[in-house]
Structure formats: C-alpha cells, structure tokens
Amino acid sequence: MKLAGRQSAADNSVNGGERRTAVGELAEAFDSALFLRAVEQCAMRLRGFLDDPEIKGLDLIEPAVLMKAARELMTSEKTEIAAFDGGRLHRIVDLYLSTGIQVHSPGYMGRQFSGTVPLGGLMDLVGSIANQPSSFYEAGQLPNVAERLMAEELTPLIGWDTETSAMVTTSGGSMANLTALLAARNRAFPGIWARGVAGSGGHPAVALSEDAHYSVDRAVGVLGIGAERVVRLPVDDSGRIRPELVGPALDAARDRGLDVFCLVASAGTTSMGSFDPLAELAAVTRPRGIWLHVDGAHGASLLVSPEQRHRLAGLAEADSLTWDAHKMLFVPAPCTLLFYRDGTAARGAFRQRASYVFDEEPDVYSAFDSGDRNLECTKRPMIMPLWTLWSVYGPALFARKIDHLCALTSQAHRMLDAEPDFTVLHEPESNILCFRYTPDGLTGADLHPVQLDLRNRIRADGRFFISKVDIAGVAALRVVLMNHRIDAGHLALLIDEIRATGNQVLRERAARDDKDGIQP
Ligand SMILES: *Cc1c(COP(=O)(O)O)cnc(C)c1O
C-alpha cells in the first residue's frame with residue numbers, strides 16, 4: 001500500500017473500477033442548469049396557483065388517503081441515487097399546492113396567516129439556497145444587518161428609543177411570548193437562573209387576560225411558574241381587559257402572597273381582534289414595578305397604518321412587544337419580531353458558556369449577533385422577506401392592505417348586522433369578526449352544536465374556509481379577512497352559504513329529534 005498516494009474523487013481505482021464516483025453521482029443533485037429548469041417550471045405552477053380565479057377554501061382530505069398519494073411519489077430506489085425525475089417533482093408540487101388552505105383565494109377567511117406577497121416567498125427561496133442561519137453575524141451578515149434596519153424602521157412606531165431598545169426575531173409568536181416572559185421573570189428574580197423557581201426567594205406569578213392566547217399559558221408552564229399562579233383578569237364583551245378591575249386583582253394577589261412580575265396584554269386578541277387598553281394598564285403596572293408585555297402577534301402590524309395605529313395607544317409605556325410579521329405584514333411564516341423597551345433586559349438570561357459561539361469581549365462583528373438574546377441558535381433568516389418587501393415597496397404596501405382589510409371587516413359587520421337571522425358579537429377593531437347564525441328559535445343549548453356543525457360543513461364544502469371560536473363558552477363563527485381580493489360579493493356569497501347550510505343542519509337535527517321522540 002502506497003503511503004502518500006494522491007487520491008482525487010475522480011480517481012476510479014479508489015472508488016471501485018467502472019462505478020461512478022461519489023462526486024460524479026452527487027453532481028446532478030447540485031447541478032445549476034437542472035435547478036434553473038426546475039425553478040422555471042415550479043414558478044409556472046405557482047403562477048397558476050396565484051391566478052386561480054376560483055373561490056375555494058380547503059380540500060380536506062382524509063390523512064390515510066393523502067398518505068397513500070404521497071407515498072406513491074417516493075422513489076423506490078434505496079441504494080443508488082435515483083435519477084432526477086421532473087414528473088415526480090411536479091406531482092409533488094401539485095399535491096402540495098392543491099392540498100393546502102387556498103390562502104390566495106377569496107374563499108380563505110379563516111386563519112391569521114396570509115397569502116404572502118409573492119416576492120417575500122421568492123426571498124425565502126434565495127435564503128433557502130444561500131442558507132444563512134441568522135443568530136450570529138458571521139453566519140448571516142445581511143440578515144443581521146436587515147434585522148437592525150427593520151428595528152430602526154419599526155421601533156419609532158412603538159414609541160421607543162432605537163438606541164436603548166432591542167429587537168430579535170423568533171420562530172413564531174409563541175416563542176416570542178415565552179422569551180419575553182423569561183426576560184421579565186429573570187429581571188424580577190435575579191437569582192432564579194442559578195437557583196430555580198423554588199430558590200427564587202419569592203412566589204413568581206403573572207396576570208393574564210381571560211382571553212390571552214394559549215401560548216402565554218404554555219409559557220407560564222414552561223417557566224415553572226405554575227398554572228395556579230396565574231391571576232386571571234376579567235374581560236368585557238369584546239374580550240378587552242377591564243382596566244378598573246386590574247388594580248384590585250393585583251392587590252388581592254399580593255395579599256395572597258403572590259409576586260406578580262408580569263402582566264400580559266393583547267393587542268389584537270386572537271378570538272375577536274380586540275385591543276386591551278394599554279395606557280390604562282400601564283398606569284396600573286408601572287407604579288407596581290410590574291413588567292407589561294404586549295402580545296401584539298396579530299395586531300401590532302396596525303402600527304404601520306397611520307389610520308389604525310391609535311388602537312395601540314399607550315404601547316410606548318409597555319416593556320416588551322410580540323409582533324408576528326407572518327400575520328398582518330403578509331410574509332411567509334414564521335417571522336416574528338420581539339421588541340424590548342430596555343435592550344439590556346433582553347440579554348441577561350442568555351449568556352451561557354459556549355466558547356464556540358459567544359466571544360468574551362464582543363467586537364464590531366459579534367456586537368451584531370442576536371444569539372445572546374434568543375432561545376434559538378440556528379434559525380431561519382426570517383427577516384429577509386420582510387426587509388426585502390419593505391425595501392422594494394416601502395411601508396405603504398402594508399398600510400394600504402391593512403386599512404383595506406379593516407374597512408372590509410367593518411363592511412362585513414354592517415352586512416351581517418342587517419341580516420335578521422345572524423347575530424354579530426362585537427364591533428370589529430381590526431380584521432377579525434365573530435358572529436353566530438341565529439334564526440328564529442335557535443337558542444340555549446342548541447346554539448353551540450349548530451355553530452360547530454355549520455363551521456365543519458362549510459369547511460367540508462371546500463368553498464369558504466372560516467374558523468370557529470368559543471365566546472363565553474358558546475361556539476361562534478369567525479372570519480379573519482387577510483385577502484384584499486375579497487369584496488362585498490364574496491361576503492354575500494358566504495352569508496348565503498351559511499344560511500343554506502344552517503337550514504340544512506337545523507332540518508337534520510329536527511328530523512333526528514323527531515325520530516328520538518324528543519318534544520320541543
Ligand atoms: C397568533 C397568535 C399567537 C401565536 O403566534 P404564533 O406565531 O402562531 O406562534 C400569540 N398571540 C396572539 C394574540 C396571536 O394572535
């Protein structure tokens with residue numbers, strides 16, 4: 001055996017006679033000409049998807065059926081690298097597009113993620129090929145700079161000083177809420193990181209609205225605070241915290257020995273899109289030294305609109321803000337921005353010893369790292385679609401769309417309110433509206449199951465995708481208008497469809513009750 005033989009990948013004698021070399025075999029999967037053709041064909045399909053004029057919501061498929069269809073698209077080749085099969089790729093893309101909620105169709109009115117601005121998605125493709133995970137400057141230079149630039153653009157809208165505040169991106173609003181609560185907890189209980197909750201020298205507790213997003217309750221659990229140490233704040237009929245009851249609730253909690261360190265308000269509740277009265281809440285939390293976290297996952301984007309930003313009046317007094325750009329800024333999910341009024345509070349918790357990433361003394365480069373403010377290490381450079389759209393179109397793109405969606409939701413409110421067999425549950429404050437189908441005689445115990453049944457049948461019909469939410473324990477129908485292509489005609493069609501489906505549901509229930517001999 002030769003000691004220092006020059007071994008190149010092209011050296012067939014090393015790789016076994018006439019067999020293709022490993023590098024040769026890999027070449028096709030990394031071939032740029034083939035990639036270009038695949039992109040062109042995929043883009044044509046995406047164009048058809050974007051331009052599809054049909055009103056459709058979701059084609060809900062039984063998982064077993066979809067499993068089978070998807071399995072058939074998998075190559076059976078297990079030992080060699082299978083040759084590229086364009087047809088297979090196209091069938092995968094077609095299946096992907098056709099089985100999703102049709103977020104670009106006017107039939108989509110159900111969830112808080114949106115039909116993205118297509119260029120935002122294109123930037124995600126660029127990021128996926130360039131692959132620059134963004135917690136550390138050296139691994140994602142432009143993404144880290146873009147984060148700073150977006151912070152400079154957005155922080156003044158919150159009312160904070162860009163110099164002393166901080167912003168990080170997180171994979172979703174749930175992660176941002178957890179991160180903010182962690183920072184709040186660690187500021188209030190400086191020993192807790194080392195000694196744990198039991199050794200914190202207090203009884204950490206948080207105050208939450210009855211209508212807070214479930215991710216906040218989850219964060220409370222993850223942080224070891226305990227569900228029993230949640231102080232629930234009562235809400236009004238629109239789901240807004242009643243500020244006059246907050247002071248007494250906090251005093252009562254203190255008398256029970258609880259140390260409430262954080263109050264979480266919602267700027268845009270998930271169920272009704274209502275805004276908690278931030279200025280009044282801050283007037284209660286500030287003198288008590290309680291951190292005010294604003295969960296603006298849904299509604300913080302209204303800050304971009306001069307017409308709508310009054311909904312968040314008082315936000316400048318808060319300590320942290322969760323802002324999902326993948327909701328009302330119309331970029332691919334996830335892209336969440338977490339802001340801290342005091343940038344130093346963002347750090348404390350996260351300087352673990354890890355000599356491979358954290359420098360002892362930050363230099364001009366590592367000063368741009370966000371790894372020391374973030375639970376995540378490798379994360380998507382999720383700012384790039386947002387920053388690119390902002391750079392190309394400016395903020396008015398977002399403001400116009402938000403204004404339009406809010407106006408459209410008010411129109412939906414007027415239309416439903418004029419229908420005698422519908423009950424609208426609140427005056428919309430953003431683009432979410434909750435209502436029930438309530439024809440004569442439908443009351444009490446029947447109200448809940450009929451709305452549920454209705455929602456599931458509408459979804460199964462596949463034309464409109466709407467959601468449901470329990471309000472005061474009773475199911476309601478909910479629309480989230482994310483698509484500017486929806487117009488009054490589509491809303492009228494939805495109302496007709498709900499009425500027709502609702503009557504069907506009621507007829508079937510009556511027939512069943514007759515059969516069971518139930519007297520009305
Ligand atoms: C959507 C939402 C969340 C959760 O955010 P994700 O990005 O889905 O993790 C949290 N809070 C509110 C108010 C929301 O609307």
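Sequence positions, counted from 1, serve as the residue numbers for this chain. As the structure is a computational prediction, the values presented were derived from the model and not from experiment. Each ligand, and each atom within it, is numbered from 1 in the order the structure gives.
Each of the following atoms of ligand 1 lies closer than 4.0 Å to a heavy atom of His326: 7 (O). Near Ala297, the atoms of ligand 1 lying under 4.0 angstrom from a non-hydrogen atom of the residue are 2 (C), 3 (C), 10 (C), 11 (N), 12 (C), 14 (C). If you number the atoms of ligand 1 from 1 as listed, the ones under 4.0 Å from a heavy atom of Gly173 come out as 5 (O), 6 (P), 7 (O), 9 (O). The contact set between ligand 1 and Asp324, taken as ligand atoms under 4.0 Å from a residue heavy atom, comprises 5 (O), 6 (P), 7 (O). Interface atoms of ligand 1 facing Asp295, defined by a heavy-atom separation under 4.0 Å, are 10 (C), 11 (N), 12 (C), 13 (C). Residue contact check: Gln112 has heavy atoms under 4.0 Å from atoms 1 (C), 15 (O) of ligand 1.
A salt bridge between Asp403 and Arg400 is absent, with no side-chain N of the basic residue lying under 4.0 Å from a carboxylate O of the acidic one. Ion pair Asp259/Arg185 not flagged as a salt bridge, since none of the NZ, NE, NH1 or NH2 atoms sits closer than 4.0 Å to an Asp/Glu carboxylate oxygen.
Summary of contacts: the protein heavy atom closest to atom 14 (C) of ligand 1 is Lys327 NZ, 3.0 Å. The closest protein non-hydrogen atom to atom 4 (C) of ligand 1 is His213 CE1, 3.4 Å.
Note: Tyr108 and Phe113 have parallel aromatic rings, judged against thresholds of 30 and 60 degrees for the angle between ring planes.
Sorted by first and then second residue, the salt bridge (Lys or Arg N to Asp or Glu O under 4.0 Å) pairs involving residues 203-231 (not counting sequence neighbours) are Asp217-Arg232. Under the ring-ring contact (aromatic ring centres under 6.0 Å, His included) criterion, the residue pairs touching residues 377-405 are Trp390-Phe398, with sequence neighbours excluded.
With 3.5 Å as the limit, one finds no donor-acceptor pair spanning the side chains of Asn374 and Ser135.
Checked options Thr269, Asn177, Thr322, Thr270; the residue passing with Asp295 is Asn177 (criterion: side chain to side chain donor-acceptor pair (under 3.5 Å)).
Note on ligand 1: Gly268 sits in its first shell, one or more heavy atoms being nearer than 4.0 Å.
Counting heavy atoms under 4.0 Å from ligand 1, residue Ser215 touches it through the side chain alone.
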